[in-house]
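A short worksheet on the structure shown next.
In listed order, ligands and their atoms are each counted from 1.
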Amino acid sequence: MTESADPRDRLIVALDLPGVPEAEALIDRIGDAATFYKIGYRLGYAGGLALAERLAARGLKVFLDLKLHDIGNTVEEGVRSASGLGATFLTVHAYPQTMRAAVRGRGASLKILAVTVLTSYDDADAAEAGYALPVAELVAKRAAQAAEIGIDGLVCSAAEAASVRRIVGPDRLIVTPGIRPAGAEAGDQKRVMTPGDARRVGIDHVVVGRPITGAADPRAVAQAIVAELA
Ligand SMILES: O=C(O)c1cc(=O)[nH]c(=O)n1[C@@H]1O[C@H](COP(=O)(O)O)[C@@H](O)[C@H]1O
């Protein structure tokens with residue numbers, strides 16, 4: 001676990017918005033309450049990759065959430081291309097071939113996060129997708145494989161963070177979406193936790209989207225989450 005002195009760095013705001021103008025307006029409203037933004041493929045396919053470069057050039061941290069998963073050569077070269085954008089994190093799905101390829105392509109400064117089991121999945125969803133293992137065991141298996149391969153960090157739900165920490169040790173990052181302040185709507189997330197509880201189980205970063213993007217006062221919500229993470 002890498003402890004940042006600034007608790008704002010523990011919050012990653014997911015810019016799940018239709019376009020760059022909406023994303024820039026949200027970033028302006030949040031102001032200095034957040035330092036780290038996630039750009040996924042909704043925004044990425046709508047001009048968000050150029051925005052990622054601009055945010056990084058301004059000194060903000062960027063998490064490129066592209067969730068790559070393909071044949072090894074395509075992943076390796078895709079990661080190599082993405083490594084020029086100035087992002088701090090890039091996601092791939094936690095399949096061994098994919099993780100090995102991402103490690104080959106990552107370069108010096110881009111950290112690869114492996115998505116273990118999506119936080120919108122419960123055991124029934126995993127079974128429907130053809131997996132014999134319950135979610136907790138699948139997360140544990142993938143975390144062990146990721147550590148063996150040399151992946152920089154894991155994405156899992158905060159519910160698995162303590163067991164993932166035991167598996168991967170202190171030096172790999174644990175990043176948890178599925179975070180909901182007390183009373184917030186879960187939406188399609190099934191494995192959820194509050195920011196404060198996530199912090200207590202040893203996460204490095206939380207990812208929060210709709211509770212901030214849909215708030216009347218996104219800056220105030222971001223500040224309240226950071227206060228829970230301090
Ligand atoms: O890789 C991710 O960031 C991710 C992995 C996962 O298992 N679950 C998950 O929700 N995410 C992302 O985290 C964000 C969560 O958004 P909210 O549910 O709106 O807070 C979305 O951008 C998701 O794409």
Counting non-hydrogen protein atoms only, what is the nearest one to [atom]? Give residue, atom name and distance.
atom                    : result
atom 5 (C) of ligand 1  : P177 CG, 3.5 Å
atom 15 (C) of ligand 1 : Q189 NE2, 3.6 Å
atom 1 (O) of ligand 1  : K67 NZ, 3.0 Å
atom 12 (C) of ligand 1 : K38 NZ, 3.6 Å
atom 8 (N) of ligand 1  : T119 OG1, 2.7 Å
atom 21 (C) of ligand 1 : D16 OD2, 3.3 Å

Step-by-step side-chain hydrogen bond (donor to acceptor under 3.5 Å, both in side chains) determination, S163 to E160: CA-CA 6 Å; S163 64; E160 296 100 42; over 6 Å; no
So does [Y] get a backbone contact from the side chain of [X], meaning a donor-acceptor N/O pair under 3.5 Å?
X    : Y    : value
R29  : D217 : no
T91  : A114 : no
R10  : L229 : yes
R106 : I112 : no

Below 3.5 Å, N or O to N or O, backbone or side chain included: is there any such pair between [X] and ligand 1?
X    : value
D188 : no
T91  : no
P211 : no

Proximal atoms of ligand 1 relative to [X] (non-hydrogen, under 4.0 Å):
X    : value
V207 : 13 (O), 14 (C)
R210 : 17 (P), 18 (O), 19 (O), 20 (O)
G209 : 16 (O), 17 (P), 19 (O), 20 (O)
R180 : 17 (P), 18 (O), 19 (O), 20 (O)

Counting heavy atoms only, which part of V208 comes closer than 4.0 Å to ligand 1: side chain, backbone, both or neither?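 The part of V208 near ligand 1 is the backbone, not the side chain.
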Would you mind telling me if ligand 1 is within reach of the side chain of V155, the backbone, both or neither, using heavy atoms under 4.0 Å?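 For V155, the contact with ligand 1 is made by the side chain alone.
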More than 12 foreign heavy atoms under 6.0 Å from CD of E22: is that the case here?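 Result for CD/E22: enclosed.
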Can you tell which of D152, I151, V92 makes a side-chain contact (heavy atoms from CB on, under 4.5 Å) with V103?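 Going through the options one by one, the only one that passes is I151.
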Give me the one residue out of L154, I174, T176 that meets side-chain contact (heavy atoms from CB on, under 4.5 Å) with D204.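 Single side-chain contact (heavy atoms from CB on, under 4.5 Å) partner of D204 among L154, I174, T176: I174.
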Examine the side chains of H93 and T98 and answer whether a donor and an acceptor come within less than 3.5 Å of each other.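 Distance-only check fails for H93 and T98.
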H205 vs F89 aromatic rings, parallel, tilted or perpendicular, using cut-offs 30° and 60°?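 Aromatic pair H205/F89 classed perpendicular.
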Could you tell me whether ligand 1 has any atom less than 4.0 Å away from a heavy atom of S157?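 No.
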